[in-house]
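Residue numbers start from 1 in every chain, and the chains themselves are labelled A, B, ... in the order their sequence lines are given, proteins ahead of strands.
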Amino acid sequence: MKIHNTLTRKKEEFKPIKKDSVGLYTCGPTVYNYAHIGNLRTYVFEDILKRVLLYNGYNVKHIMNITDVGHLTSDEDEGEDKIDVAVQREQKTPQQIADFYTQAFKEDLSKLNILEPEIWCKATEHVSDMIKLIQKIEKNGYSYIGKNGNVYFDTSNFAGYGNLANLDFESLNTMARTEIDKDKKHPRDFVLWFSIKGSKFKGHILKWTSPWGEGWPGWHIECSAMSMKYLGEHFDIHCGGVDHIPIHHTNEIAQSESATGKKWVNYWLHGEFLLMKEGKMAKSAGNFVTLKTLIDENYDPSAFRYMCLNTHYRKKMNFAFEGLDSAQNTLSTLIENIRILQEKQEGETRQGKVEDYKKKFLEVINDDLNMPKALDVIWKLIRDEKNISNQDKYGMLLDFDKVLGLGLGGIEEKLQIPQEISDLIQKREEYRKKKDWKKADEARKELLDKGFILQDTSTGTILKKNNK
RNA sequence: GGCGUGGUACCCAAGUAGCAAGGGAGCGGUCUGCAAAACCGUUAUGCGUGGGUGCAAAUCCCACCCACGCCUCCA
């Protein structure tokens with residue numbers, strides 16, 4: 001399979017370090033608030049990557065972190081810790097905040113049919129690993145301590161700093177909007193360990209003792225420490241959002257490789273942003289949409305997933321409710337087709353045709369996860385009247401859904417039918433037999449008022465929940 | 001100011017040189033007591049604008065216009 005590597009800005013053939021298994025690290029959430037659908041788009045992309053790897057037969061060891069400390073709103077030791085902000089806002093302990101939003105995050109993933117990582121790791125439970133890593137960096141001469149007591153990473157000492165992002169430091173920061181931390185030797189240096197001693201932010205609740213005094217770890221160090229702990233000092237794939245390329249991932253590489261003295265990650269994959277009409281999604285712009293917002297508007301979370309699949313992960317995706325309506329309609333049609341295929345197992349399959357579709361599907365998903373094309377393949381398959389039996393179509397669609405993750409298997413049993421509703425359906429059937437269309441239609445109308453849609457199809461009468 | 005991405009039908013969106021995917025919406029039809037669903041047909045001589053290269057351009061080159069992102073924390 002081919003994937004686009006940010007390191008080289010090219011599509012490359014994927015070659016794992018070990019023959020059949022893949023180490024995958026994906027940057028997880030900072031758990032101080034709900035995830036918005038822009039965040040979730042990235043997790044959907046990473047899920048697709050993981051599913052494609054699995055579909056290709058690899059064992060995937062997937063690690064995702066939970067950032068529950070040390071993530072300041074600015075890197076310059078003048079911002080606020082996001083967890084602390086939530087603590088003030090909600091009058092809870094840091095632990096309660098982190099637990100609550102971690103739970104909410106996991107529920108979102110589950111609703112979007114995103115596979116859970118093999119290992120979840122919390123920053124607060126790995127501070128000692130981070131300290132050990134900082135000590136290695138220190139020993140190798142890549143750090144210094146500022147007057148404020150913070151431990152900084154010395155970027156000028158690390159050859160190739162910024163290669164991931166193609167950064168040009170001569171022209172960088174000419175329009176920097178933040179004040180430069182005076183304790184840094186160079187503006188692009190970053191904090192490995194925040195010391196409480198010289199910090200303007202003495203109120204920080206979470207703190208640990210360290211060789212550099214009391215304090216807390218910088219944000220970037222957690223991903224380096226935890227990924228290496230679980231995947232080794234050299235592993236296959238690291239993912240995140242594009243925004244992480246110039247700062248977070250650039251710094252992670254510098255820290256990790258200066259600690260171990262060797263190459264850290266082979267492939268970097270980055271998911272593009274979801275944009276609203278007003279631009280990037282941000283609370284300050286008042287366009288913060290969560291999965292719950294969508295569910296409250298009666299959208300199926302899978303419709304959002306379908307929408308994500310319909311745009312390639314390296315393209316900016318425009319989110320609008322009209323687009324989500326479109327995805328929701330598409331998904332209904334898709335599910336209806338699956339239902340019909342399941343009930344009408346007929347038709348004949350011409351030799352080799354199943355293999356053709358499977359080959360085509362594999363080819364497009366292995367071409368840098370081209371899911372829009374994969375959807376093209378499944379629609380062509382559904383509408384192929386001549387070559388494939390319903391049974392084979394059904395089987396293939398469920399197989400392809402291992403990658404798409406739209407939950408196409410097991411779609412029926414969801415609906416719970418109250419007694420009153422089934423009585424009404426029964427009554428309508430009797431009217432229909434007597435050809436009393438007026439009363440039958442009244443019954444159908446009554447069902448609609450109670451939130452159920454009744455449809456007479458060629459395979460019998462079916463009941464659906466009315467979502468709109 | 002620097003760097004980068006993109007502009008394809010009414011909407012979303014593939015396609016990076018060889019006849020413009022797919023989905024939604026609309027319109028026409030088939031089926032059905034009706035409705036709905038489903039299915040079939042249909043909707044870009046055209047790919048932001050203007051030049052250029054080439055047998056051939058949405059695709060490569062140049063210029064311009066527009067939108068967005070990054071250079072602050074960020075998916």
**Request:** Please state whether the rings of Tyr34(A) and Phe100(A) are parallel, tilted or perpendicular, taking 30° and 60° as the class boundaries.
**Result:** perpendicular

**Prompt:** When you check the phosphate oxygens OP1 and OP2 of A25(B), does a side-chain N or O of Asn329(A) lie under 4.0 Å from one of them?
**Reply:** yes

**Message:** Regarding Ile378(A), tell me which of base, sugar-phosphate or nothing describes its non-hydrogen contacts under 4.0 Å with the strands shown.
**Reply:** nothing

**Integer angstrom distance from the C1' of C55(B) to that of C19(B)** = 16 Å

**Message:** Without decimals, in angstroms, what is the distance between Ile462(A) CD1 and A36(B) C1'?
**Reply:** 9 Å

**Prompt:** If we take the C1' atom in both A20(B) and C62(B), what is their distance in whole Å?
**Reply:** 25 Å

**Request:** Identify which nucleotide among A75(B), G22(B), A38(B) has an atom closest to any side-chain atom of Glu336(A), counting heavy atoms from C-beta outward.
**Result:** A38(B)

**Message:** Can you tell me which nucleotide in U5(B), G33(B), G15(B) comes closest to the side chain of Asn370(A)?
**Reply:** G15(B)

**Prompt:** Does a distance-only test, which skips hydrogens and angles, find a donor-acceptor pair under 3.5 Å between the side chain of Arg188(A) and the base of C71(B)?
**Reply:** no

**Item:** Salt-bridge criterion met for Glu430(A) and Lys439(A) (N-O under 4.0 Å)
**Value:** no

**Request:** Report yes if a side-chain nitrogen or oxygen of Thr30(A) is closer than 4.0 Å to either non-bridging phosphate oxygen (OP1 or OP2) of C73(B); otherwise report no.
**Result:** no

**Prompt:** Among the nucleotides G22(B), A75(B), G69(B), which one has an atom lying closest to any side-chain atom of Trp379(A)?
**Reply:** G22(B)

**Prompt:** Going by modelled atom types, is there a donor-acceptor pair between the base of A35(B) and the side chain of Arg444(A) at under 3.5 Å?
**Reply:** yes

**Asked** Reckon Lys438(A) has a side-chain N or O less than 4.0 Å from the OP1 or OP2 of G33(B)?
**Response** no

**Fill in**
Of Thr330(A) and Gln455(A), the one whose closest nucleotide on RNA chain B sits nearer the 5' end is Thr330(A)

**Message:** Could you tell me how far C11(B) sits from U45(B) if I compare only their P atoms? Round to whole Å.
**Reply:** 14 Å

**Prompt:** Do the side-chain N or O atoms of Lys280(A) get closer than 4.0 angstrom to the phosphate oxygens (OP1, OP2) of C70(B)?
**Reply:** yes

**Request:** Report the relative orientation of the aromatic rings in Phe190(A) and Phe153(A); use parallel for angles under 30°, tilted for 30 to 60°, perpendicular for over 60°.
**Result:** parallel

**Asked** Only one of Lys373(A), Lys315(A), Arg314(A), Lys10(A) clears salt bridge (Lys or Arg N to Asp or Glu O under 4.0 Å) with Asp368(A); which?
**Response** Arg314(A)

**Request:** If U53(B) has a Watson-Crick or G-U wobble mate with both distances under 3.5 Å, name it; if not, just say none.
**Result:** none

**Message:** Aromatic contact between His126(A) and Tyr230(A), with the criterion being ring centroids under 6.0 Å apart: yes or no?
**Reply:** yes

**Request:** Can you tell me, in whole Å, how much space there is between the P of G54(B) and that of U43(B)?
**Result:** 35 Å

**Asked** Can you find a side chain N or O atom of Arg383(A) that sits less than 4.0 Å from OP1 or OP2 on G23(B)?
**Response** yes

**Fill in**
Across every strand shown, the nucleotide meeting Watson-Crick or G-U wobble geometry with U5(B) (both distances under 3.5 Å) is A67(B)

**Asked** Of the nucleotides A38(B), G15(B), G22(B), which one has an atom closest to the side chain of Asp376(A)?
**Response** G22(B)

**Request:** For nucleotides G7(B) and A14(B), find the distance between their C1' atoms and express it as a whole number of Å.
**Result:** 15 Å

**Request:** Report yes if the ring of Trp437(A) lies under 5.5 Å from the six-membered base ring of G33(B) with planes under 30°, and no otherwise.
**Result:** yes

**Request:** Decide side-chain contact (heavy atoms from CB on, under 4.5 Å) for Asn310(A) and Met317(A); before the verdict, give the C-alpha distance in whole Å, the side-chain angles of both, and the deciding distance to 0.1 Å.
**Result:** CA-CA 9 Å; Asn310(A) 197 38; Met317(A) 176 172 130; over 6 Å; no

**Request:** Can you tell me the pairing partner of G28(B) across any strand shown, Watson-Crick or G-U wobble, with both distances under 3.5 angstrom?
**Result:** C40(B)

**Paired nucleotide for U72(B) [Watson-Crick or G-U wobble; both distances under 3.5 Å]** = none

**Request:** For Asp441(A) and for Phe273(A), locate the closest nucleotide of RNA chain B by heavy-atom distance; then report the residue assigned to the nucleotide nearer the 5' terminus.
**Result:** Asp441(A)

**Prompt:** Within the structure shown, what part of the strands sits under 4.0 Å from Leu274(A) by heavy-atom distance: base, sugar-phosphate, or nothing?
**Reply:** base

**Asked** Can you find a donor-acceptor pair, distance only, under 3.5 Å between Asp456(A) side chain and C34(B) base?
**Response** yes

**Request:** Among G33(B), A14(B), G69(B), find the nucleotide with the atom closest to the side chain of Lys316(A).
**Result:** G69(B)

**Request:** Report the C-alpha distance between Asp384(A) and Asn387(A) in whole Å, list the side-chain angles of each, state the deciding distance to 0.1 Å, and finish with yes or no for side-chain hydrogen bond (donor to acceptor under 3.5 Å, both in side chains).
**Result:** CA-CA 6 Å; Asp384(A) 185 341; Asn387(A) 299 310; 3.2 Å; yes

**Message:** Between the side chains of Asp423(A) and Lys427(A), is the shortest nitrogen-to-carboxylate-oxygen separation below 4.0 Å, so that they form an ion pair?
**Reply:** no

**Request:** Determine, for Asp456(A) against Arg428(A), whether the closest basic-nitrogen to carboxylate-oxygen distance falls under 4.0 angstrom.
**Result:** yes

**Message:** If I pick the P atom on A56(B) and the same atom on G52(B), what distance separates them, to the nearest angstrom?
**Reply:** 13 Å

**Fill in**
From the candidates C34(B), G69(B), G22(B), the one with an atom nearest any side-chain atom of Lys380(A) is G22(B)

**Prompt:** Just checking Gly323(A): base, sugar-phosphate only, or nothing, at a heavy-atom cut-off of under 4.0 Å?
**Reply:** nothing

**Prompt:** Touch check for Thr333(A), heavy atoms < 4.0 angstrom, all strands: base, sugar-phosphate only, or nothing?
**Reply:** sugar-phosphate

**Request:** Tell me whether the OP1 or OP2 atom of G24(B) has a side-chain N or O from Asn310(A) closer than 4.0 Å.
**Result:** no

**Request:** Could you work out which one of G33(B), A13(B), A75(B) sits closest to the side chain of Asn318(A)?
**Result:** A13(B)

**Request:** For G6(B) and C10(B), measure between their P atoms and round to the nearest Å.
**Result:** 23 Å

**Complete:** Partner of U59(B) under the Watson-Crick or G-U wobble criteria, both distances under 3.5 Å, comes out as none

**Request:** Using both distances under 3.5 Å as the test, list the Watson-Crick or G-U wobble partner of A35(B), or none.
**Result:** none

**Request:** Could you let me know what A17(B) is paired to, Watson-Crick or G-U wobble, both distances under 3.5 Å, or none if it's on its own?
**Result:** none

**Request:** Pick the P atom in G15(B) and in G22(B), then give their distance to the nearest Å.
**Result:** 14 Å

**Message:** Heavy atoms only, 4.0 Å cut-off, all strands: where does His270(A) land among base, sugar-phosphate and nothing?
**Reply:** nothing

**Message:** From CZ of Arg9(A) over to C1' of C70(B), roughly how many Å is that when rounded to an integer?
**Reply:** 11 Å

**Asked** With sugar-phosphate meaning primed atoms plus P, OP1 and OP2, does Lys435(A) contact a base, only sugar-phosphate, or nothing at under 4.0 Å between heavy atoms?
**Response** nothing

